Amino acid sequence: MGSIPRFWRENPSRYNLVGVKCDNCGRVFFPPRDICPVCHRESIGKMKRLELSGKGSVYSYTLVQDAHPQFEMLKPYILAMVEMDEGVKITSQIIDVKPEDVHIGMKVEAVMRKLGAEGNSGILHYGYKFRPVKE
Amino acid sequence: MRDVAIIGIGDTKFGELWDSSLRRIGIEAGIAAINDAGISGDEVDALYVGNMSAGRFIEQEHVAALIADYAGLTKNHIPATRVEASGASGALALREGYLSVASGEYDIVVIGGAEKMTDVGDEDITNIQAAAMDQEWESVFGATLPSLYAMMSRRYMHEYGATREQFTSVPVKNHANAAKNPKAQYRRAIKPETVLNATMVADPLGMFDCAPNSDGAAAVVLAPMEIAKKYTDTPVRIAGSGQASASLALHQRRDILTMDATVYAARKALKQAGRDVGDIQVAELNDNYTISEILALEDIGFVEKGKGAEFSSSGQTEIGGKIAVNTSGGLKARGNPIGATGIAQAVEIVRQLRGEAGERQVDGARIGLTHNVGGTGATAIVHILEVA
């Protein structure tokens with residue numbers, strides 16, 4: 001699914017949850033964008049790097065049965081939209097939990113995991129997935 | 001801007017059309033529309049083709065010129081333009097064609113929508129559909145198009161207390177309507193239990209909550225209103241046309257249960273037509289998944305936010321109900337050859353407004369609406385069609 005640079009250039013956000021904060025209105029965005037969709041021109045040059053805490057809660061989720069071929073070995077897997085403590089939402093998988101134990105509002109934290117591979121012998125891609133926080 | 005009318009319609013049967021190529025179905029629909037308009041073909045000033053991904057489905061790009069060629073339109077060297085907005089490609093082609101006639105640039109324009117999906121396997125189709133989402137921040141993490149709609153469904157159930165039983169009313173109705181549509185892919189009624197017991201795709205969405213993979217094409221012919229009567233006794237006026245966009249990624253939206261693009265497109269189209277949502281008698285809504293039809297009912301304004309599932313399950317969207325929705329069978333049961341869908345919706349509304357919808361005719365239909373969505377709602381297009 002694509003070239004090495006295509007994955008490499010997104011690594012800061014995929015490895016360390018680097019987003020941005022608009023210094024004009026204070027809103028947080030992930031992944032980074034150059035222009036705040038609320039402040040437009042006022043935000044140019046004011047989008048500051050912000051590393052997310054990695055903590056959040058499940059906003060919605062599903063158990064994916066019909067997957068892309070590259071996720072064939074994982075299925076069924078839990079996909080979720082997570083609302084981060086900073087207010088932004090992120091889509092990724094939830095791991096280390098049984099599907100029946102997942103619920104909306106469940107506290108989760110980001111961990112780095114393998115996302116995929118280029119064919120059978122190509123490079124591996126890594127990024128965030130989420131696991132439940134032990135309460 | 002000039003008033004514009006649809007003077008001809010045509011479509012192929014939708015389904016797994018193993019013996020037909022993209023160019024053949026495109027031409028079959030186009031010729032049917034040209035015949036219906038009673039024109040020879042030499043009057044055609046331009047061709048627009050709605051198509052999502054011929055490059056990945058059949059490894060063929062440049063499909064507008066290809067279809068113009070096989071339709072015999074190259075003799076006059078007319079402009080042929082392909083239009084893409086994933087699932088909304090068809091409606092966007094209609095809108096671009098409409099604008100080209102309204103502006104005065106062209107008089108007679110043919111607009112086709114076509115997709116040939118079944119030349120590749122189901123897994124490839126899953127990947128191609130996912131290209132309508134944010135590849136880098138959704139698909140890479142394992143999201144599929146149905147999985148995102150599944151998360152909308154679960155959140156909707158959580159916030160509004162809706163049930164899967166209520167949701168079954170959408171595919172059950174659409175299959176019942178398709179049973180009366182000779183062009184539909186699935187011409188059979190289904191029971192609520194069939195929907196509930198179907199294999200899961202991404203829970204709570206099962207197989208019968210998802211539109212199928214289809215081949216098919218549809219076409220319309222447009223003309224300025226002032227000359228439309230020269231060609232047909234029953235022109236249908238495009239009274240309103242609205243298009244809007246929103247974030248590509250679902251998780252970036254203000255609210256994952258409101259498609260703001262639909263809200264804005266519907267508002268603009270209704271305003272242009274000088275109509276209230278209550279004036280609409282028949283609507284083709286983008287039911288690519290069950291939840292999509294529920295959200296569309298709310299976002300266009302047929303019912304308030306959170307009440308869509310209840311409204312649907314009470315029978316209000318059936319033929320004879322308050323607003324007849326997806327009389328063609330919708331994307332779910334008429335079929336969803338992606339680029340063709342937006343045009344097929346207009347074809348169905350024209351049939352209804354002409355009184356040619358046979359067993360599924362809505363009595364006295366004079367004002368209709370079409371609603372076409374790309375991806376998870378990053379593009380939405382709404383048209384208002386009226387008896388001229």
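Quick caveat: nothing in here was measured; it's all calculated off a predicted structure. All chains are named by letter (A, B, ...) in the order of the sequence lines, taking the proteins before the strands, and each is independently numbered beginning at 1.
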Exercise for the section: Walk me through it: do B:Val140 and A:Arg6 pass the test side chain to side chain contact (heavy atoms under 4.5 Å, CB included)? Expected result: CA-CA 11 Å; B:Val140 159; A:Arg6 181 187 150 197; 3.9 Å; yes
Handout entry: More than 12 heavy atoms of other groups within 6.0 Å of B:Lys268 NZ
Key = yes
Problem - Pick from B:Glu138, B:Gln252, B:Arg253 with the largest number of heavy-atom pairs that fall under 4.5 Å of chain A - result: B:Gln252
Practice task
Could you tell me which portion of B:Ile256 (side chain, backbone, both or neither) has an atom closer than 4.5 angstrom to a non-hydrogen atom of chain A?
Solution key: side chain
Validation: residues 122-132 of chain B side-chain donor-acceptor distances under 3.5 Å, sequence neighbours left out:
| unit_1 | atom_1 | unit_2 | atom_2 | d |
| --- | --- | --- | --- | --- |
| B:Thr126 | OG1 | B:Asp122 | O | 3.1 |
| B:Asn127 | OD1 | A:His68 | ND1 | 2.7 |

Problem - Minimum-distance pair of heavy atoms, taken over all atoms of B:Met200 and A:Gln65 - result: O-CB, 3.4 Å
Exercise for the section: Could you tell me whether the side chain of A:Thr62 and the main chain of B:Asp203 form a donor-acceptor pair under 3.5 Å? Expected result: yes
Exercise for the section: Check the surroundings of atom NZ in B:Lys305: do more than 12 heavy atoms from other residues, nucleotides or ligands lie under 6.0 Å from it? Expected result: yes
Practice task
Show your reasoning for whether side chain to side chain contact (heavy atoms under 4.5 Å, CB included) applies to B:Phe141 and A:Leu115.
Solution key: CA-CA 7 Å; B:Phe141 293 91; A:Leu115 291 178; 3.7 Å; yes
Completion exercise
Contact list (residues 30-58 of chain A to chain B, heavy-atom gap under 4.5 Å, by number) returns A:Phe30, A:Pro31, A:Arg33
Handout entry: Enclosure of B:Tyr264 OH (heavy-atom neighbours >12, cutoff 6.0 Å)
Key = no
Handout entry: OH-NE2 distance between A:Tyr61 and B:His158, expressed to the nearest 0.5 angstrom
Key = 10.0 Å
Exercise for the section: Output all residues satisfying side-chain contact (heavy atoms from CB on, under 4.5 Å) with A:Lys89, sequence neighbours left out; order by chain, then residue number. Expected result: A:Tyr59, A:Met81, A:Glu83, B:His251
Exercise for the section: Write down the atom of A:Thr91, the atom of B:Ala143, and the distance for their closest heavy-atom approach. Expected result: CG2-CB, 4.3 Å
Exercise for the section: Could you look at A:Ile90 and say if it's the side chain, the backbone, both or neither that has a heavy atom under 4.5 Å from chain B? Expected result: backbone
Handout entry: Test item: B:Arg154 side-chain N/O and A:Ser60 main-chain N/O as donor-acceptor pair under 3.5 Å
Key = no
Practice task
Check whether more than 12 heavy atoms from other residues, nucleotides or ligands sit under 6.0 Å from atom CD of A:Glu100, and answer yes or no.
Solution key: yes
Handout entry: A:Arg27 CZ: over 12 foreign heavy atoms closer than 6.0 Å
Key = no
Practice task
Give, as side chain, backbone, both or neither, the part of A:Leu79 having an atom under 4.5 angstrom from any heavy atom of chain B.
Solution key: both
Problem - Most chain B-contacting option - heavy-atom pairs closer than 4.5 Å, from A:Ile104, A:Val82, A:Val88, A:Leu74 - result: A:Ile104
Exercise for the section: Name all residues meeting the ring-ring contact (aromatic ring centres under 6.0 Å, His included) criterion together with A:Phe29; count only those two or more places apart in sequence or in a different chain, and write none if there are none. Expected result: none
Problem - Over all atoms of both residues, closest heavy-atom pair of A:Phe71 and B:Ser139 - result: CE1-O, 3.8 Å
